[in-house]
Structures are given as structure tokens and as C-alpha cells.
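Down below is the structure, laid out as C-alpha cells.
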Amino acid sequence: MSFTIYSARKIITMNPNRPEATHVAVRDGRILGAGTLEELVGWGAHELDERFADKILMPGLVEGHSHTMEGTFWRYIYCGYFDRMDPDGHIWEGARSIEAVVERLQDAAAKLDGPDTPLAGWSLDAIYYGDRRVDRHDLDKVASDRPVGVLNASGHILNVNTRALELAGLLRTGINHPGIPLGSDGLPTGELKGPDAMTPVGIHVGFDRDLLACDESGLRQFARLCVRAGVTTAADLANLLPPDAVSMMLRVTGEADYPARIVSLRRLQNMTVPEIVDRALELRGMSTEKLRLGIIKVVSDGSIQGFSARLRWPGYYNGAPNGLWYVPPEQLREMFALALEKGVQVHTHTNGDEATELVMECLEEALRRHPAPDHRFTLQHCQLADAAQFRRMKALGMCVNLFPNHHFYWGDQHFAMTVGPERAERMNACATAVATGVPMAIHSDAPVTPLGPLFTAWCAVNRQTASGRTLGENERIDVDTALRAITLGAAYTLKLDGEIGSIETGKRADFAVLEDDPREIGAEKLKDVGVWGTVLGGRIFPAAGI
Amino acid sequence: MSTTDSSTAPLPVTVIGGYLGAGKTTLVNHLLRHAAGRRLAVLVNEFGDLPIDADLIEAEDDNLIAIAGGCVCCSYGNDLVLAMLDLTKMIPRPDHVLLEASGVALPGAIAATVGILPDYELAGVVVMADAETARQRAGDRYLGDTVRQQFAQADIIVLNRTDLVPPSEREAVRDWLISEYPAARQVSTERGQLPPEILLGFREAREAATGQPGPLHGDHHQLVSASAVPEGPVDAQAIADRLIAPDLGLLRAKGVVQDFRAGLMLVQIVGSRAEVTPAPPGSDVGMVCIASRDAAGDSELLASRLKQILAKFSLPVEAIQ
Ligand SMILES: [Zn+2]
């Protein structure tokens, strides 16, 4: 049987027995072996493909925590402060001032037909514009007749114009809601904080009723972003996975030229614990090579920058009251116990260290009742954990998926406002996790920050904030450790490390095809490594042609 | 509601909060059984364990349970606002919404959200307390601040499951709640067996206006009711402010009075929450109320205090002081 041998400038295998190779042999979408040409020709008749001769091959990158709705968001206007690449590969320049945001939206509004057609933007990050808040008058400059709304980068704030407020019946005095600040005229300023304040206006500016849902075209766009980021497997962290969505996902990912593997987790919602465990087992049975199902996601608290994360003493640096619980401990205990008993994996979102503590306490109890080897229950974000908590994770057999991108985007705010200097320096303590032996992944939480494991690796290696401060030098990790986290590390948290995450015999032929060698380019340039495209199950996907 | 303008009148919403096991679901089912023709819509955060007694269920759909008497129960998952916007489009429209908050939700936040939605009006925040566990929960390392905030945001605290603790303990919890959460009125019950009027209001405006005591369904030895008719024009806002003072222990009151400035006004009290709005023209004046016996004493005493208050504010408050 014939097979293909690819030559490369270098192959970074992530297999410690032979960390580097020059050739990789692929048959039936899987790796026959990586090594020298002489070694590989022993497999028999082959075809030598030299198209990657000047490229670097790595195992296809694994994004351990993203949301496929990143693909959906690109149908709205990008208003972020930083440059960002869209699914077409077009780089949208960052909007560096409120005026630039307004101008960009004006351009988009000019292309709309119908005077009432709503206009929606996303990824606004007002914290970079100094003390001045974005208000409805700014967006009134975009349009006064059509509703206009821009979602904040965090996803927790929506800014709208006067017309949008009017349509939602909120252009009135006497509103008393913590998520709706009022101006000196007693009317809402147009800033809406939290889903309860956002939703009634969001539906008028063109945001879909369920922002978290991802439709078919969003799923396709998401995969195009994956190719551009060198990602071959991406976890979609919180899906409700209703039957029609599952059939759509099975159909789309089942197409031979769909260029990514998707691992979609079922979020604990609208079901009892026994029901969701049954559903997870049923979903697991429906899994294919390119759509993995059967893991449960639980959200235990909110976010740190939204002051809704649950922090231990002494709480928020600016004195804000403690955050919110999203599930009671009784439900966590029941969830963990039944999942352990039935062999279903659970990933739990914790941001604050109190949430992390409670989740570990509940898991420890559940493990005492249902000892389960290799459960790999994973803490997602887990941004504030301290050293003792990492030791406890290790003892409990947990994995962690940390969020280093936060340092770059919001590290300065964490330092100055949310958790203060000392805890800001230990946030996303990658070095402690590794030293403690907790299996670790790192993630982007796209669309909260851009999908791009090499950028995430750069964040973990440099811990640099947007203003250039190095936040927590001791928690920096080296490039090799970071590269492991975005391949085998993430694969391990998804129980896919036997299948993907390294280039060695028997694994799937999933590669990131790179223009530069991440080991040689230098730690400070890791984010600039060029991505040519990917190989997925032996099928080649150049970014330029996607 | 029998009035013809009910489709445009704001839909009243009672928020029912409290930690797991405090009896929110029991209370909701009790109200469904005593809806007396009102079409109730129950909104629950999740269909965890089904929140509706099996014998009440007529049909079940994905996100909707049809209940005897034209009532419905919908789950709102993560999006309360969308569920509420959908509810107003339902035909026939419900008469009253019971919003059962999740065990860790802050009912005050939900109440604020009700306040920003068109077509809705808040009809009070009721928080259930489990007589057996309330104090322990309020001191819990993880949950304590959440539970304490829930109580602090209540207009009425329902001390439930009082049959499960000895009388001395019941009194101790009651006194503790009164001293920690003086802003909330309090009522005790055993299995959520409250007169529906406390949460749902008096059935008809007429009922209040006739000056007859509101009927207290069932045996409610913890409660007393009374009614009175003001002699002439009064200061409606001053009366409302007086009726929510803790010494009266009023749980619910409704009345139409002739305000000396604004004309016919509707005064509605839910625990510590008071609202004064214009009354439909031609309404008869009169006021009816339900109070807890602990605070109010017997019906005669309550009736005489109510009369005194109506008399006291029969002139503008500025004139009295
Ligand atoms: Zn996420």
C-alpha cells in the first residue's frame, strides 16, 4: 500500500524520545512514523512530498477552551482595540480611539439598506480609551434612526445608541437597575452591564436571541479561523447540544473538507443531574473522528473583571462585594458523584479562588464515595488558584486549563483594580501548575480573546500586559513547556492525548504547518510565528486557500 | 382579572427566592392549587426536579408545562429576560407571574430586571427561610453572604417548615430574622400554606373597595385580616408609608382612597413594599389587609389600628406636623 512521506525543515514532534525529525510518513490519515527518510522508507512503496521542505511541522495545535460562536461573531463589525484576523484572513486594524470605533461603524452603516436595519459591533474595549466612557451619544453619531449596539470584549457589557434604548422602552427616567447607569439627565447612558440589562436591548440591535448558540455558517467560519491559527482540534466549551444542533454539527464536521476536529461540551442547564449524565453518555456514543461529545461543562462562578467571580478573603482590591455563585454546592456534589460513578468527565469553570476551593471540596467528597482512576476532571480558567490549591488539584487527580491571555488584555486592570498587585502576579500560575505536576493546558476562550494557541503560548512565556508590564516573572514558563501545553497538554484534558497532540507512530496525521520555528524565533517573538495552514487526518489545508 | 383592559395592564410578577430546600416549590404548588381562576405563569430557572406536582400537570413540552386551570410553567435556563418577553406574547395572557429564583440567585437582582421590562410590574419579593437550617446557612463559609443577601432583599420572609423545629427554636429563628432583617415583614407557615392573597393580591379591586375583609382561605391561625373605609380625602402616600412600618406586620394590603391632591388612588402593599398609583375612575374607596398575628394582634385590634391610620392621614401630612 502506498503512503506519503513529507519532508520538512524541521518537525517538532512533542515526543521526548525523538523530539525532532525531518520526515513524517502518513497513511490513511494517520502517522506511520516520524524520523529520517531512511527510517521511513522501510515502510515500503511511498511518495515523497516536499511541499513542506521549508516549513516547520508541529502537532496540530489544540485549543482547550474556545467557543465556536467566535465564527458567528464575525458577521458583526469588529470594534476591538487590537488588530485581529477574520475568517477570510483579513486583518482588521485595532480601533485606537472612540472616534475610530464610531468611524468604523459609520462606514458599515453607510453600506446598510433600509433606515431601520440594526447595526451590531463586537469586541469594544473601552478600558483602553482612558476615563471616558462610551455613551449613547457616541453611537448616535453612527446613526440616530437605526438601532446600534456594540458588545464589549468581555461579553458582559453592551453599549447602545439612543434609538436602541427607545425601541426597548428604556429611554425614560426612573430606571433603577444596577446594570443600567444613568446620566445627569436621569436617562440611561447607553451602557448596559450584565445579561439581564443587555438582552432586552440586544434583540433590537441585531444580536441573535441566543448569543451562545452557533449556527452552521458560524461553525464553518470557526474552522477557517482554526486553520489560520494552526489549530486542528478545538474544544467548544459550553453548548446546550440540542438534537438539531448535534445533527447539524455531525453533518458539517463529517464533510471531508471540514478542516477541524471539534470537541463540544454539554453545559449543565435545563436538565437534572441524572438527565445530563444520561445525555452525556448518549452523546458520547454519537462521537465521530471529527466531533467528540460526552463531556459535561459546569459554570460555578462569574468573571473577575466583571466582579462576579467568587474570591476568598480578602476579596476584591477595590472593595467590590464578592461575586455570584451559579450553582449551589448541593448540585456540584450530585453532579460530580454521579459523573464519577458513570465515568463521565466534567470540566468546571471557576475564576475566583473561592469557587476553585468549593469545587475541589465537592470533588474530594465525591471521590471518596466513587473513587475513579484517571477521571481528569478539569478546572477551566481557575485564574486565581494559589500554590496550596495546585497541590490539592494534584492530589485529587485534577487537570487545569489556565487563561494566560488575560494578562495581556486585562493584566493592568487586575493589578490596579480587581485583585491588586500580589494576586495579579500569581494569576494563571502556569509555572506553579507545572512544578506541582498538575496536567496543564492554556487557552484563549475565543471569542473573549482571539483564537491562537501560539499567541496564548507567548502570553504564558512572557506574561506581558498591554502596557508592557511583566506580571509575575516567576510564573513564566519556557517555550517548550508552553508548546506542550497547546498540544499534548490540552489533548490530555480532553482525554485525546493517545490520539492527537504529538507526532508519533499511530497518532492522527494532524499538523500545524509553520513558517517559523517557535523554538528558534525567540520567546518574545513566539506570537509572530507564521502559520501556513494545517494538515488534518492527512488532508492539507493551506490558510491561503481556505 | 376580569377587567377588559387586562391585556394592556402591566403583568404583576412575584419573585420567590430562598435557598434550596426552603420550600419555594411547595409554595408555588400551593398557589397553583388555590389560584381560584387566576391564570398563573410560573417561571423557574431550570427544570431540575420537576417543580410542579404531578397531578397538576396536563401536558409537557420541552420548555413548557401546561397546568390545570390554564396555568403554565416555563423554564428560563440562562435567559430570564427572553423567557419573560415570550410570556407576554402568550395567548391567553397570564394574570400573574410567579418567578421562582434558583437557590443561589439574588432575588433583588431579578426584581430590578423585572422593573426594566416593558409590560411587567413587580408585585413583591418573597424569600423563603427554612426554620430548621436558615441560621446555619446564613453562617455558611461559602453560601452565607448569598443567603444573607437573599433575606435582606425580601419584602416578605416566609419562615417555613416550622413544624420541624421545637417552638423555642421557631421563636429564636423568628426573632433572629426580625433583628437581622428588619426591613422585611415576616410570616410563619408549615408547608408553604399561605393564603394566595399574600402573593397574588386580592382577587378583585372591588373586593377591597367593599370594605369586607379579604377571605383567608383555609385555617391560618398565624394571620389576621381587617378592612376599613376612610371617612374622606386622605394623603395616600403618607398612608402607604405608614402601612409598611414594621409594627403593623402587614403582609398585603390593597385599597382605593380619595387622595386630597391626586384624586382616586390605588394603594398596594406587599410586606415592606408600597406602591401608590392612580385608581380606575369610579372605584369605590376602602382598604383591606392581611397581617401576621404575631405583629398585629387580633383582627379587632388590626381593624381599629387601620381605622386610626386612615383617620390620622385624612388631612395632608404637612398639616398634621
Ligand atoms: Zn469560555
Side-chain angles (χ1 to χ4, degrees), chain A residues 165 167-170 172 174-180 188 192 194-203 209-212 238 240 242-243 267-276 299-301 310 312-313 315 321-332 334 354-355 357-359 361-362, chain B residues 10 15 18-22 24 44-51 61-64 74-86 88 99 101-106 108-120 122 133 137 140-150 152-153:
Chain A
L165 287 172
L167 287 173
L170 288 177
R172 56 182 167 93
I175 288 173
N176 179 13
H177 193 282
I180 307 184
L192 306 163
D196 289 348
M198 288 158 60
T199 310
V201 193
I203 52 173
R209 284 176 67 93
D210 188 357
L211 265 181
L212 276 170
L240 288 179
R267 180 174 176 169
L268 174 61
Q269 194 179 295
N270 293 9
M271 276 192 185
T272 62
V273 163
E275 281 165 359
I276 198 171
V299 178
S300 76
D301 70 341
R310 290 291 309 192
R312 291 186 299 183
W313 191 89
N322 209 346
L324 302 172
W325 292 111
Y326 291 165
V327 287
E330 286 83 349
Q331 199 182 16
L332 281 176
E334 187 193 4
E354 190 184 39
E357 191 76 5
L358 177 64
V359 166
E361 194 171 300
C362 293
Chain B
V15 179
Y19 199 68
L20 302 185
K24 299 190 293 284
V44 291
N45 188 241
E46 313 232 346
F47 283 161
D49 291 318
L50 209 57
D61 199 346
D62 258 3
N63 285 322
L64 191 77
C74 326
S75 120
Y76 65 84
N78 226 31
D79 216 320
L80 169 66
V81 170
L82 289 180
M84 291 190 70
L85 294 177
D86 287 345
T88 52
L99 206 160
S102 89
V104 288
L106 299 179
I110 295 175
T113 297
V114 170
I116 63 168
L117 296 180
D119 308 325
Y120 284 98
L122 183 65
T133 60
R137 296 253 194 246
D140 184 87
R141 175 179 168 199
Y142 295 109
L143 269 307
D145 64 319
T146 303
V147 169
R148 293 193 299 272
Q149 284 183 79
Q150 290 175 345
Q153 293 166 353

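Sequence lines set the chain letters: A, B, ... in the order given, protein chains first and strands last, and positions in each chain run from 1.
For A:Asp196, the parts lying near chain B are the backbone and the side chain together; criterion is any non-hydrogen pair under 4.5 Å. Looking at A:Val273, there are no atoms closer than 4.5 Å to chain B (heavy atoms on both sides), in backbone or side chain. Residue A:Arg310 touches chain B through its side chain alone, counting heavy-atom pairs closer than 4.5 Å. Using a 4.5 Å cut-off between heavy atoms, A:Ala355 does not touch chain B at all. Only the side chain of B:Leu106 comes within contact range of chain A, judged by heavy atoms closer than 4.5 Å. Proximity to chain A (any heavy atom under 4.5 Å) is shown, for B:Ser102, by neither the backbone nor the side chain. With a 4.5 Å cut-off on non-hydrogen atoms, A:Ile276 does not touch chain B at all. Residue contact with chain B, scored on non-hydrogen atoms closer than 4.5 Å, is absent for A:Pro274. In this structure, chain B has a heavy atom under 4.5 Å from the side chain of A:Leu170, while its backbone stays farther away.
Contact detail for A:Glu354 and B:Arg141: the closest heavy-atom pair is OE2-O, 3.6 Å. Between B:Ala112 and A:Pro178, the shortest heavy-atom distance links the atoms CB-CD, 3.8 Å. Taking every heavy atom of both residues into account, B:Leu143 and A:Trp325 meet most closely at CD1-CD1, 4.1 Å.
For the set B:Val104, B:Leu80, B:Leu20, the entry with the most heavy-atom pairs within less than 4.5 Å of chain A is B:Val104. With chain B as the partner, the residue from A:Gly169, A:Pro329, A:Ala197 showing the most heavy-atom pairs under 4.5 Å is A:Pro329.
A distance of 11.0 Å separates CD1 of B:Ile116 from CG of A:Asn176, quoted to the nearest 0.5 Å. Atom OG of B:Ser75 sits about 11.0 Å away from atom CE of A:Met271, to the nearest 0.5 Å. Note that CG of B:Leu117 is 9.5 Å distant from OG1 of A:Thr199, once rounded to the nearest 0.5 Å. The CG atom of A:Asn322 sits 9.0 Å away from atom CD of B:Gln149, with the distance rounded to the nearest 0.5 Å.
Between A:Pro195 and B:Val81 the shortest side-chain heavy-atom distance does not fall below 4.5 Å. Counting only heavy atoms from C-beta outward, the side chains of A:Ile203 and B:Leu85 approach each other to under 4.5 Å.
A:Glu361 and B:Tyr142 share a donor-acceptor pair across their side chains, judged by distance under 3.5 Å alone.
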